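Below you'll find the structure, written out as structure tokens, and then a few comments.
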Protein chains: 2
Amino acid sequence: MNVMNESPRRKELTRLAAQLFVQEGFDRTTVRMLAQEMGIKSGSLFHHFRDKQEILAAVIEEGTQNALAMARRALTECGPTAEARLRAMARAHLETLLTDRNAHVVALYEWRRLDAEARAHLSHLRDAYEALWEEVIDAALAEGLIHGDRFLVSRFVMGALNWTVRWYDPRGPRSPDDLADELVAMITRGAV
Amino acid sequence: MNVMNESPRRKELTRLAAQLFVQEGFDRTTVRMLAQEMGIKSGSLFHHFRDKQEILAAVIEEGTQNALAMARRALTECGPTAEARLRAMARAHLETLLTDRNAHVVALYEWRRLDAEARAHLSHLRDAYEALWEEVIDAALAEGLIHGDRFLVSRFVMGALNWTVRWYDPRGPRSPDDLADELVAMITRGAV
DNA sequence: GTGTCAACCAAGCAAGCGCTAGTGTAAACG
DNA sequence: CGTTTACACTAGCGCTTGCTTGGTTGACAC
């Protein structure tokens, strides 16, 4: 039982699990379904993961790590103005939501299924990510780009962005960057 | 088995079920847990509901009906300007989210557990509710109060509002009306 | 050629699941 | 009065669940 490693096999299994968790939900996804999707028998699954919950934690961790990395990279590559940084964060957020869609949907819907230990660990990751947002929003407030309550603005923005997983269709006419730009326009000027 | 009635007993049971569904999630809530919470034995539960799924449908229907009624009332009681109507809708939305919190959390998280029949029925209700929003947002666009894409604006607003169930604490300093006003301010002017 | 080790399998256990069948009872109805 | 109706009970069927156990396989090391 090689529990805590990060073997490529385990990563691939995690990716498959994320897909099933989205399709069926965590509780309705049985270890037998997971095993079948992975091309192994249900017992073999417990060679890679201690229990079913650990699979869930692995899925969420993977998605959150990627989101954090992508946001950090976006902030180093964008311009220095508050608007550029705001736009970069929104674009990065939607890009993650799209490329790691399964993992993020699982994180949004199945967070409460985590046990206390996993939840504590992953909360730190999420807090680090949200801290990036608050920093960028603080700067935008200071520059007078946006107005209002720091706490409320960041919550509203996160809500608007995360809600996209419910309706956004990547095959439609709008690109993720379009969405990000329109959202930034909406809160900075009420203009397009 | 008095399946389709709206007895007060059934309403009370639905309310209790909503609470358990929020605490545990639909799949993890067993009929035995539901029965115990209701002070009856598990078998007796099926006198009031055809099956477990029907309880879920009842919970969501209750919440959606209330939201629809509340929004309609708010629209008749508010002023005629686009801004007044926008604010009224936002306030009504948050008020529902608060008073029927359990039912709405269930609707947001457990929608996919509905069978096809119930989903079709409830989709109509939800569409009726969202039509109210689009109508109000269309008017605000026409009046030049807000700008941008009609579809995107309504999705962003719904996202920001619905996300509140994840973080809003009614015991805190902010009233639901404060939130609604701040959101309207954010999208109409970027101002407080 | 013997030892090690990750990866996997076959078989199954104990617990719990949604739901049904059949019955009892007290109030409401004709 | 007898009948119906609403609501609850007991008992348990048939099945699925997450997970364990004990053992096999094949690649690589020394």
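So that the names make sense, note that chain A is the first sequence line, chain B the second, and so on, each numbered from 1. Being a predicted model, the structure only gives us computed values, none of them experimental.
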Closest nucleotide among dC8(C), dA6(D), dG18(D) to the H48(A) side chain: dC8(C)

Could you please name the option among dA8(D), dG18(C), dC19(D) that lies closest to any side-chain atom of S42(A)? dC19(D)

From the list R10(B), R9(B), R15(B), side-chain contact (heavy atoms from CB on, under 4.5 Å) with L13(B) holds only for R9(B)

Where do L16(B) and E37(B) come nearest, in terms of heavy atoms and distance? CD1-O, 3.8 Å

Nearest whole Å is fine: how far is [N] [atom2] from [X] [atom1]?
X	N	atom1	atom2	value
D115(B)	dG18(C)	CG	P	16 Å
F49(B)	dG18(C)	CZ	P	15 Å
H47(A)	dC9(C)	NE2	P	12 Å
D51(B)	dT20(C)	CG	P	8 Å
F46(A)	dA11(C)	CZ	P	19 Å
E24(B)	dG16(C)	CD	P	14 Å
L45(A)	dG18(D)	CG	C1'	11 Å
L20(A)	dG18(D)	CG	P	12 Å

So what does R32(B) touch, heavy atoms closer than 4.0 Å: a base, only the sugar-phosphate, or nothing? base

Using a 4.0 Å heavy-atom cut-off, does K41(A) contact any base of the nucleic acid, only the sugar-phosphate backbone, or nothing at all?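 Sugar-phosphate only.
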
Using modelled atom types and a 3.5 Å cut-off, is there a donor and acceptor pairing between side-chain atoms of Y168(B) and backbone atoms of R174(B)?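 Indeed, once roles are kept as given, a pair shorter than 3.5 Å links the two residues.
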
Please compare R28(A) and G43(B) by the position of their nearest nucleotide in DNA chain D and report the one closer to 5'. G43(B)

State whether Y129(B) and R72(B) meet the cation-pi test: NZ (Lys) or CZ (Arg) under 6.0 Å from the six-membered ring centroid, and within 45° of the perpendicular axis.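 No, R72(B) does not sit over the ring of Y129(B).
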
Can you check salt bridge (Lys or Arg N to Asp or Glu O under 4.0 Å) on R85(A) and E135(A), steps first, answer last? CA-CA 10 Å; R85(A) 291 169 69 78; E135(A) 177 195 316; 3.2 Å; yes

For S44(A) and dC9(C), is the shortest distance between a side-chain N/O and OP1 or OP2 below 4.0 Å?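 So the side-chain polar atoms of S44(A) do come within 4.0 Å of the phosphate oxygens OP1 or OP2 of dC9(C), strictly under.
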
Between R50(A) and dC19(D), is there a side-chain N or O to OP1/OP2 distance below 4.0 Å?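 Indeed not, no polar side-chain atom of R50(A) lies that close.
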
